[in-house]
A.B. asks: 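Quick one: this structure, given as structure tokens, is what I'll be asking you about.
Hydrogens, waters and symmetry mates play no part in the numbers below; they use all other heavy atoms, side chains included. Because the structure is a prediction, the values reported are computed rather than measured.
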Amino acid sequence: MDDPYQNNVPQQQEGGGETYPNYGEGQGQADGYGYQSDYPQQDEDARSDATEGGEGEEQMYEGEYQNVPHPDEIKAARRAARAEARRKAKEADLEGEEEELPEQYECIMEDCGHGRFQWQLFTVLGLALMGDGVECFVVGFVLPSAEKDMCLSNAEKGMLGLLVYVAMMVGAVVWGGLADKLGRRQCLLYALTINCIFSFLSSFAQGYGFFLFFRMCAGIGIGGSIPIVYAYFSEFLQMDKRGEHLSWLCMFWMCGGLYASFTAWGIIPHYGWGFSIGTEIQFHSWRVYVLVTLLPSLAALVGLFFMPESPRYLLENGRHDEAWMILRNMHDTNWRAKGEPERVFAVSQIKTPETQDDEFIEIQSATGTAFQRFTVRHVTLIKQVMKNVMSLTAPELRLTALFLAIIWFTMSFSYTGLSVWFPDMVKMMQFEEYESKTKLFHREKVERFHFNFTLANQLHKEGEYLHDRFTNIEMKSVKFEDSLFENCYFEDVRSTSTYFENCTIKNTVFYNTDLWKEKFIDCKMHNNTFMHPKKGCHLNFQEENDILIYMVSFLGSLAVLPGNIVSALFMDKFGRIKIIGASMLASAICSFFLFVCFNQGSLIFFQCLFFAISVAAWNGIEVITVEIFPSAKRGTAFGVLSAISKFAAILSSFIFGKFVNITRIIPIILSFASLVCGGLLSQKLPETRELLLQ
């Protein structure tokens, strides 16, 4: 039979010198396409530019005299390397049949090339990943304002942050498991839709209960983005492109942090960017910020409607025709963009596994009432997902899954813990500096005086205020202790962190002020009048939203950029294991130097250095997780490991937060130990740089 690729590999005429071998010539069927033997010879119209308009003329490969390998020679070398890998696998008692689909799929990916199609998908999935990055920052940025707007106690604030992470943990397991059964694209559409709807509703929620519920639902939605995105994108990449381009994809998580920090910096401090309807409905600027943060997820959702399902998922589930159409479209899109539209997609048959379970489910679900069919489908789906989760403990995956779980846990524990610890330490240093400048007034007696100016950072002890007027003023961080107020008048007073403790207040009028019950601690009240009080909590953006905190988060996210670039460029050169180990051990050394940070500048510097180094480990961990598990379990495994990392984040945030005002020794030692443990354990994992997607 004639070579079906003869139109793409020009042959020299007899006597014309060296002749390049045909595509796959000299190799067994196992080294080439297993399906091209039945493919008919191409028509004249399908010939490439090499033969069009030049029939009968001698054609020559341009790189022949420049010692540049021919593209077909490169492909042949890759196939030979994979054949050798298969031979070693067979020697290790692995069945050869399991390698047939991975081998064919890798060959198809090579023929389709890497181009416009992958970059379009890269952008869409990157926006979904960016949405996850934003979600991790939103609650932390809005809490200082939301706690005033909704009068949140410390317990309620802690519960809000905790339950959002728990929701993301649940979402990772649920959507990761469903992605292996329902499809990557379909589950990502559902997850992003849930996130967009409930993020939108949370911005209008006036009560704490509704706000908490909506943020939890939004967290469940966006929690599925990480496991689905990496599994989805990896199945459109050939082996020698996976490490680099999955690492580039990780940059979108950094972009999410930058976007969240920058928009918070630009929106939340502007109190006037909102509106109110009566006294019940308030829409302050922090709610505008919540709306703006859902834009990356919304953009990803729109873009995803134009993206196809993963052909690898379709092939694993016996949907050959759909997969073939998607692969052909990818092939044509890439080669048209490269200026070679005449290239023909030469694949005719792809071997697919048996899907007897799915056929049995379809037979069952086609009988009975609508409710019975619904029940059969969904109960069976749940059983399949649970079975997939339990299969991760199978003997061939058990040890690898355990090592990866420990590495995910240790990395997330240290990274998230220090991410919380850095801003809290900066706040504590700011507070200590501010407190050191507090003005003390002791036993002052003020009579018939008109206070019409701002009182800030003051402590008044055992004072007497008789017939005084406090009108149209702000009180910021003011405290009155053991003082007497008699026949005084307060009007249009706005206060932040202002309290009256153990004071005696007699015959005093409070008109249109926010001085209410929570402001008076163990005070004796006699014959006082409260008119038009501003009950509840009220915002003061000059105090509660310090620009430095946004800048710290922004710089921390920006510092990830060089680490992302370096890891992407060297991921395929040095391998995943070396990148993970070197990054985690270097991050451990960096965290140890936090002992010498005694001011805000040095702390911010080491925060940026830590993030820049540790991001390479994150990239390597995510790449190796995609490559090490088979396609039928890839989303499930990634979801479970992502959930473990969220649990570690919850645990470390709680532990590190408790020691902010006590000591820095415990957080630093815990971070150092966990990073060293994870870095050393990573060397026990198998290298997946040259591994086909199983």
A.B. asks: Are the aromatic rings of Phe200 and Phe214 close, with centres under 6.0 Å apart?
C.D. replies: no
A.B. asks: So Phe198 and Phe213, would you call those rings parallel, tilted or perpendicular, with 30° and 60° as cut-offs?
C.D. replies: perpendicular
A.B. asks: Does Trp248 have its ring centroid less than 6.0 Å away from the ring centroid of Trp119?
C.D. replies: no
A.B. asks: Going from CG on Leu304 to CG on Leu189, what distance comes out if it is rounded to the nearest 0.5 angstrom?
C.D. replies: 4.0 Å
A.B. asks: Assign the ring pair His245 / His114 to parallel, tilted or perpendicular, where the plane angle (0 to 90°) is split at 30° and 60°.
C.D. replies: tilted
A.B. asks: Using modelled atom types and a 3.5 Å cut-off, is there a donor and acceptor pairing between side-chain atoms of Arg184 and backbone atoms of Ala179?
C.D. replies: yes
A.B. asks: Do you know which two heavy atoms are closest between Asn564 and Cys250, and how far apart they sit?
C.D. replies: OD1-CB, 3.8 Å
A.B. asks: Look at the aromatic rings of Trp408 and Trp618 and report parallel, tilted or perpendicular, splitting at 30° and 60°.
C.D. replies: perpendicular
A.B. asks: Of Val623, Val615, Asn619, Ile580, which meets side-chain contact (heavy atoms from CB on, under 4.5 Å) against Ser567?
C.D. replies: Asn619
A.B. asks: Output the distance between atom CG (Leu298) and atom SG (Cys196), rounded to the nearest 0.5 Å.
C.D. replies: 5.0 Å
A.B. asks: Of Val290, Thr293, Val288, Leu291, which meets side-chain contact (heavy atoms from CB on, under 4.5 Å) against Ile267?
C.D. replies: Val288
A.B. asks: If we check side-chain contact (heavy atoms from CB on, under 4.5 Å) with Ser419, which of these qualifies: Phe610, Phe656, Phe137, Phe611?
C.D. replies: Phe611
A.B. asks: Please determine whether side-chain hydrogen bond (donor to acceptor under 3.5 Å, both in side chains) holds for the pair Arg215 and Ser202, giving the CA-CA distance in whole Å, both sets of side-chain angles, and the decisive distance to 0.1 Å.
C.D. replies: CA-CA 6 Å; Arg215 292 314 304 180; Ser202 70; 3.0 Å; yes
A.B. asks: About how many Å separate OG1 of Thr193 and CD1 of Ile197, when rounded to the nearest 0.5 Å?
C.D. replies: 6.0 Å
A.B. asks: With respect to Glu235, which candidate in Arg185, Arg634, Arg242 satisfies the salt bridge (Lys or Arg N to Asp or Glu O under 4.0 Å) definition?
C.D. replies: Arg634
A.B. asks: Counting C-beta onward and ignoring hydrogens, is there a side-chain heavy-atom pair between Phe409 and Leu651 closer than 4.5 Å?
C.D. replies: yes
A.B. asks: Is the Phe262 ring parallel, tilted or perpendicular to the Trp265 ring (thresholds 30°, 60°)?
C.D. replies: perpendicular
A.B. asks: Is there side-chain contact between Lys646 and Met168, with at least one heavy-atom pair below 4.5 Å?
C.D. replies: yes
A.B. asks: Is it the case that the side chains of Arg287 and Ser203 hold a donor-acceptor pair, with the cut-off being a distance below 3.5 Å and no angle test?
C.D. replies: no
A.B. asks: On a heavy-atom basis, which atom in Gly563 and which in Ala616 lie closest, and how many Å separate them?
C.D. replies: O-CB, 4.4 Å
A.B. asks: Have Glu309 and Tyr313 got a donor and an acceptor in their side chains that come within less than 3.5 Å?
C.D. replies: no
A.B. asks: Show which side-chain atoms of residues 220-230 pair as donor or acceptor with protein atoms under 3.5 Å away, not counting sequence neighbours.
C.D. replies:
| residue | atom | partner | partner atom | Å |
| --- | --- | --- | --- | --- |
| Ser225 | OG | Ile222 | O | 2.8 |
| Tyr230 | OH | Glu622 | OE1 | 3.0 |

A.B. asks: From Leu249 CG over to Met130 CE, what is the distance, rounded to the nearest 0.5 angstrom?
C.D. replies: 13.0 Å
